[in-house]
2 protein chains.
Amino acid sequence: MDLDDSDKRILRALQTQPELTMRELADVTGLSHSPCWRRLQRLQADGAITPRRFVIDPEAVGYEILAFCFVKISHHQRDRLRAFEDAVAQVPAVMQCYSLSGEYDYVLQVIAASVRDYEATVKNALVELPNVQSINTSFTLKRVKHSLNVPI
Amino acid sequence: MDLDDSDKRILRALQTQPELTMRELADVTGLSHSPCWRRLQRLQADGAITPRRFVIDPEAVGYEILAFCFVKISHHQRDRLRAFEDAVAQVPAVMQCYSLSGEYDYVLQVIAASVRDYEATVKNALVELPNVQSINTSFTLKRVKHSLNVPI
DNA sequence: GAAACAAGGTCGCTATTGCTGACCTTGTTC
DNA sequence: GAACAAGGTCAGCAATAGCGACCTTGTTTC
């Protein structure tokens, strides 16, 4: 997607001042409110930004554990990969999943209320996913940075 | 933080239907609008939810690379760790940073426009961070899941 | 069992806001 | 100079957020 300077100013303002009204957004981006609003619509339609939403902090609602979970799978045929990917996306405790180059096939970011809860999630949900060969967990100790703000 | 059933219903509704108005939110959570609104204020004040905001998709604005970056540091004294953590949090390309148990000290989630851009970020920003001993990159190939919705 | 307290419910209000349409102006491209 | 894209201006309205005041209900405490 191509973003010109006005788009970038809009996106920057949305990130740094999320609570701006549409009129204020137009002001700080140096546009008048109609074209600003048209651009915002376009950015949403293009999928560059999600609908306006509240974001919940997992730590603040009791998820004390965040772990990275490295997965090796058994069979690398396309449809077997699909099976794993479709299934893992359905597990609520999995916040993120990426396929990887290198030693492991996938990395999962998993949240849990406690170590006990984490163990249950791995045992009941993750190792039961189709096509899993092995799972290797690395626990996080501290959240140093967790940002939603993309540099624009 | 303690969440009762009403809080949980509110949080669930906010995640699954981000575009509800306050009145609709009250309806679907089975509260009337005043107490619902009071709870929402409290959840925000307590830090359980961020202010309502647009979230930008890095992929959609041209960040083709997402890499996990495993860092070992040289000195583990408390103030040396602080120095690294404070500095890494300032790097815009670093979306997430967690300290880890095990072989590596930190994992960073880094975005870049291209492999070339990634290389520049590592060279100019990451290896120059204080107290870094080594950096080990694992590139992601595909985003399988990336959710902001915490199971509630 | 009376008092105190917490939480929800009801009602009402207003300035703000999102969202839109119509139309004009400017600048650039062909 | 014609055509087109993008921004600007103006106007408007219904919906909305954001309260505040007060009542009701249920639970806990003494």
Side-chain angles (χ1 to χ4, degrees), chain A residues 1-63 113 147-152, chain B residues 1-63 113 147-152:
Chain A
M1 182 180 323
D2 282 345
L3 304 171
D4 63 18
D5 287 348
S6 291
D7 289 328
K8 290 178 184 172
R9 280 200 304 276
I10 289 172
L11 295 176
R12 264 195 294 265
L14 291 179
Q15 293 193 131
T16 55
Q17 297 152 274
E19 292 174 280
L20 291 179
T21 66
M22 294 299 114
R23 257 105 175 156
E24 291 167 338
L25 179 67
D27 277 351
V28 304
T29 54
L31 290 170
S32 55
H33 77 273
S34 279
C36 179
W37 189 82
R38 286 176 214 144
R39 278 173 180 270
L40 197 61
Q41 294 303 305
R42 203 200 62 224
L43 289 167
Q44 258 182 283
D46 292 348
I49 52 179
T50 64
R52 205 169 203 170
R53 61 168 293 170
F54 294 94
V55 180
I56 300 180
D57 177 1
E59 284 190 9
V61 297
Y63 288 98
S147 174
L148 294 172
N149 286 0
V150 176
I152 301 280
Chain B
M1 182 179 322
D2 283 345
L3 303 172
D4 63 17
D5 287 348
S6 292
D7 289 328
K8 289 178 184 172
R9 279 200 304 277
I10 289 173
L11 294 176
R12 265 195 294 267
L14 291 180
Q15 292 193 131
T16 55
Q17 296 153 275
E19 291 174 282
L20 291 180
T21 67
M22 295 299 114
R23 254 100 178 158
E24 290 168 339
L25 178 67
D27 277 351
V28 304
T29 55
L31 289 171
S32 55
H33 75 275
S34 278
C36 180
W37 187 81
R38 287 176 213 140
R39 280 173 179 272
L40 197 61
Q41 295 302 306
R42 203 200 62 225
L43 289 167
Q44 261 182 281
D46 292 349
I49 52 180
T50 65
R52 203 168 204 169
R53 59 167 294 169
F54 294 95
V55 179
I56 300 180
D57 178 1
E59 281 190 10
V61 298
Y63 288 97
S147 173
L148 293 172
N149 286 1
V150 176
I152 301 279

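Throughout, protein chains are lettered first and strands after them, A, B, ... in sequence-line order, and every chain is numbered starting at 1. Here the structure is a predicted model, which is why all the values come from computation and not from measurement.
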When all nucleic acid strands are considered with a 4.0 Å heavy-atom cut-off, which category describes B/R42: base, sugar-phosphate, or nothing? nothing
In whole angstroms, the gap separating C1' of C/dC11 from CG of B/L31 amounts to 17 Å
Should B/D57 and A/I49 count as side-chain neighbours, where that means a heavy-atom distance under 4.5 Å? no
Check whether any side-chain heavy atom of A/L148 sits under 4.5 Å from a side-chain heavy atom of B/R53, and report yes or no. yes
Find the distance A/D2:CG to D/dA5:P and express it as a whole number of Å. 16 Å
B/Y63 (side chain) donor-acceptor with A/P151 (main chain) under 3.5 angstrom: yes
With side chains defined as the heavy atoms from C-beta onward, is the minimum distance between B/T21 and B/E24 less than 4.5 Å? yes
Could you check if a side-chain atom of A/L31 sits within less than 4.5 angstrom of a side-chain atom of A/S6, using non-hydrogen atoms only? yes
A/D4 CG to C/dT28 P: how many Å, rounded? 14 Å
Between B/R42 and B/D46, does at least one N-O distance fall below 4.0 Å, as a salt bridge requires? yes
Among residues 5-18 of chain A, which residues get a heavy atom nearer than 4.0 Å to DNA chain D? none
Along nucleotides 14-27 of chain D, 5' to 3', which nucleotides get a B, which get an S, and which get a -, given that the test is a protein heavy-atom distance under 4.0 Å? --SBBBBB------
Tell me the interatomic distance from A/E19, atom CD, to C/dT16, atom P, rounded to whole angstroms. 17 Å
Terminal axes of the helix from C/dG1-D/dC30 to C/dC30-D/dG1 (five pairs each): angle between them, nearest 10 degrees: 40°
Does B/R39 make a side-chain N or O approach to OP1 or OP2 of C/dA7 shorter than 4.0 Å? no
Do A/P18 and B/T50 have side-chain heavy atoms sitting under 4.5 Å apart? no
Do A/F54 and B/L43 touch side chain to side chain, with heavy atoms closer than 4.5 Å? no
Could you give the CG-to-P distance, from A/L25 to C/dT16, as a whole number of Å? 19 Å
Under 4.5 Å between any side-chain heavy atoms of B/W37 and B/L25, yes or no? no
NZ/NE/NH1/NH2 to OD/OE distance under 4.0 Å, B/D5 and B/R12: no
Is there side-chain contact between A/P51 and A/Q44, with heavy atoms separated by less than 4.5 Å? yes
